[in-house]
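As structure tokens, the structure follows; a few thoughts come after it.
Values below: all heavy atoms of this structure, side chains included; hydrogens, waters and symmetry mates excluded.
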Amino acid sequence: MDLLELREKLDRIDEQIVKLYEERMEISSQVADYKIETGKKVLDKSREEEKLRTVRSMTHNEFNAHGVQELFEQIMSMSRKLQYNKLAQQGYHGKLPFIGVDRLDVQNARVVFQGAEGAYSQMAMMQYFGEDVNCLHVDTFRDAMCAIEEGSADYAVLPIENSTAGIVNEIYDLLVEYENYIVGEQIIKIEHCLIGLPGTDFEQIKTVYSHPQSLMQSARYLNSHDGWKQISMQNNAFAARKISEDKDFSQVAIASEQAAKIYGLEILERGVNQSETNSTRFIIVTNQKIFLRDAKKVSICLEVPHESGSLYHMLSHIIYNNLNMTKIESRPIEGRNWEYRFFIDFEGNLADGAVKNALRGLREEARNMKILGNY
């Protein structure tokens, strides 16, 4: 047979496959009707595992067995999505315990940020809440999370990602640990300055203090001064404060221009970070399950079964509902070696049907799933 004849045979087989697929999906629709009436869950994992073992046993070699398993995993996944969609059409979206609001109460709010006066977090806070914001500052990110959880502050401003240094791992872990939720974000441009006591001479400098990420972002500049010792601190503003208090001309800090002004320090050199487009994204967090009605981004975290293809099947709920995923990160799960928790951002609003449908599928099929916020 020539290639044209072979392709004609394939076309005839494909027609049968499509016809059988549509018949199968019609029966899946009837299964959804039954589950709506009886309140049964869409995912029946033991039934699916049994089905996969059965279809594998029908093949004649291992290559085909693997292929058939992958094919039926996809078919059953589409069947579940049809059932979720039908449940959504009947109004069974599942409860999302988030309340939509028209605006955040920022006028009467008390806001907490991590670091000392002059921290970039303070700058982000003032850009988001205004110059006259009622605020307090704490030493650690955990302290900030505790402050809003216990009610001593209404909102916290926390850095979650830098355009050159990447994510702030601790913030992701704290979002899982605490029942606090993202309601907004603020992006600010970062310009690191080398600052010291007024009159500091470069030949006097022996030690540079700053946050680890700021030291990394300024690595090219610092490497040109290889005799300087680099010491990490919790926050850039803490570093600036130390220089001001120690009155030691051999010590300098990498921090913001604002920090230099607050602590009476001199800017020795501007823009020591190597990227001119360096920006940090800060999140606005509260202990209330609320979201703005015009919010456009959803953040979630989830754990998936530790098996082949599990993440792919989770992400397919986002694809099937025509949602645009904008970010995915992973963090190791404490106490479970080589297993990871995934953090995902996608476009949408918790009031949207497509978002509700995707979240329902993810909640049912993920090992754990948490909505981190809609903003």
Side-chain angles (χ1 to χ4, degrees), residues 98-101 103-106 109-115 119-130 133 135-190 211 213-214 234-237 278-302 325-331 341-350 369-375:
F98 283 78
I99 300 171
V101 297
R103 60 184 181 277
L104 300 178
D105 181 11
V106 297
R110 193 167 195 225
V111 184
V112 61
F113 67 92
Q114 182 268 342
Y120 284 112
S121 294
Q122 183 185 30
M123 295 168 60
M125 176 193 68
M126 293 173 73
Q127 285 190 29
Y128 191 89
F129 291 95
V133 59
C135 65
L136 70 152
H137 54 91
V138 292
D139 288 347
T140 68
F141 296 138
R142 180 175 293 277
D143 290 340
M145 280 293 206
C146 286
I148 52 174
E149 185 180 62
E150 68 187 16
S152 58
D154 301 297
Y155 301 100
V157 179
L158 301 166
I160 194 167
E161 178 184 16
N162 179 267
S163 58
T164 57
I167 66 170
V168 184
N169 292 330
E170 186 182 352
I171 301 300
Y172 279 87
D173 295 340
L174 290 171
L175 284 169
V176 175
E177 182 179 344
Y178 286 84
E179 288 299 319
N180 296 327
Y181 305 92
I182 308 170
V183 290
E185 65 179 357
Q186 180 69 49
I187 297 173
I188 66 168
K189 187 177 185 299
I190 303 296
H211 187 275
Q213 283 197 340
S214 300
Q234 283 180 302
N235 184 274
N236 292 352
N278 188 4
S279 298
T280 295
R281 182 165 68 97
F282 292 82
I283 52 173
I284 316 302
V285 183
T286 184
N287 65 359
Q288 301 176 66
K289 286 189 174 182
I290 58 174
F291 68 98
L292 291 170
R293 290 195 172 92
D294 62 352
K296 296 178 174 60
K297 182 195 292 185
V298 179
S299 291
I300 63 173
C301 68
L302 53 84
M325 186 177 75
T326 57
K327 187 175 184 62
I328 182 168
E329 299 284 351
S330 64
R331 291 285 299 141
R341 182 178 290 111
F342 294 92
F343 295 82
I344 298 169
D345 291 349
F346 59 87
E347 295 175 355
N349 187 282
L350 291 178
M369 195 273 283
K370 179 183 178 182
I371 300 171
L372 299 176
N374 187 198
Y375 50 102

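Of all non-hydrogen atoms in V112 and A144, the two that sit nearest each other are CG1-O, 3.9 Å. A pairwise comparison of heavy atoms in Q127 and I187 identifies OE1-O, 4.2 Å as the closest pair. Residue Y375 comes nearest to G184 through the heavy atom pair CB-N, 3.5 Å, listed as atom of the first residue, atom of the second, then distance. Minimum heavy-atom separation, A156 to I148: N-CG2, 3.7 Å. Contact between A295 and N349 at its shortest, heavy atoms only, is O-ND2, 2.9 Å.
Once rounded to the nearest 0.5 Å, the distance linking CD of Q288 with CG of D105 reads 8.5 Å. How far CG of L136 is from CZ of R110: 4.5 Å, rounded to the nearest 0.5 Å. Atom CZ in R293 sits 9.5 Å away from atom CD1 in I99 (nearest 0.5 Å). The line from NZ of K296 to CZ of F291 is 13.0 Å long, rounded to the nearest 0.5 Å. N235 CG to S214 OG: the interatomic distance, rounded to the nearest 0.5 Å, is 8.5 Å. If you take CD on E179 and CD on E149, they are separated by 8.0 Å, rounding to the nearest 0.5 Å.
Judged purely by atom type and a 3.5 angstrom limit, T286 uses its side chain to pair as donor or acceptor with the backbone of D154. Under the 3.5 Å distance criterion, the side-chain polar atoms of N162 are matched with a main-chain donor or acceptor of S279. Side-chain atoms of R341 never come within 3.5 Å of backbone atoms of R331 as a donor-acceptor pair (strictly under, hydrogens ignored). Looking at D345, its side chain never comes within 3.5 Å of a backbone N or O of K327 through a donor-acceptor pair. Of the possible donor and acceptor atoms, one in the side chain of Q114 sits under 3.5 Å from a partner among the backbone N and O of D139. Judged purely by atom type and a 3.5 angstrom limit, N374 has no side-chain atom pairing as donor or acceptor with the backbone of L292. Proximity of a side-chain donor or acceptor of S152 to a complementary backbone N or O of A147 within less than 3.5 Å is detected. Looking at D143, its side chain never comes within 3.5 Å of a backbone N or O of V138 through a donor-acceptor pair. Judged by distance alone, with hydrogens and angles left aside, the side-chain atoms of H137 form a donor-acceptor pair with the main-chain N or O of G115 at under 3.5 Å.
Figure legend: cation-pi geometry between K370 and Y181, with NZ or CZ positioned under 6.0 Å from the six-membered ring centre and within 45° of its axis.
Side-chain atoms of L104 and I290, non-hydrogen and from C-beta on, do get closer than 4.5 Å to each other. Under the 4.5 Å side-chain criterion, counting only non-hydrogen atoms from C-beta, L174 is not in contact with V176. By the 4.5 Å heavy-atom criterion applied to side chains, R281 and P159 are not counted as neighbours. Side-chain contact check for L175 versus E177: every heavy-atom pair is 4.5 Å or farther apart. Put simply, the side chain of E161 does not reach to within 4.5 Å of the side chain of T280, judged on heavy atoms. Between N278 and K189 there is no side-chain heavy-atom pair separated by less than 4.5 Å. You'll find the side chain of F346 stays beyond 4.5 Å of the side chain of T326, heavy atoms only. When side chains are defined from C-beta on, I283 counts as touching I160, because their heavy atoms get closer than 4.5 Å.
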Report the C-alpha separation of I182 and I284 in whole Å, then their side-chain angles, then the decisive distance to 0.1 Å, and conclude whether the side chain to side chain contact (heavy atoms under 4.5 Å, CB included) test is met.
CA-CA 6 Å; I182 308 170; I284 316 302; 6.0 Å; no
Apply side chain to side chain contact (heavy atoms under 4.5 Å, CB included) to the pair F98 and I371, showing each step before the final yes or no.
CA-CA 9 Å; F98 283 78; I371 300 171; 3.8 Å; yes
Output, in order, the C-alpha distance, side-chain angles, deciding distance and verdict of side chain to side chain contact (heavy atoms under 4.5 Å, CB included) for Y120 and I188.
CA-CA 8 Å; Y120 284 112; I188 66 168; 4.1 Å; yes
Hey, mind stepping through Q186 and V157 against side chain to side chain contact (heavy atoms under 4.5 Å, CB included) and telling me if it holds?
CA-CA 9 Å; Q186 180 69 49; V157 179; over 6 Å; no
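Between Y172 and F343, the ring planes are perpendicular. Angles over 60° get that label, and only those under 30° would be called parallel.
Side-chain N/O atoms of R142 and Y178 include a donor and acceptor closer than 3.5 Å.
The aromatic ring centres of F129 and Y155 sit less than 6.0 Å apart.
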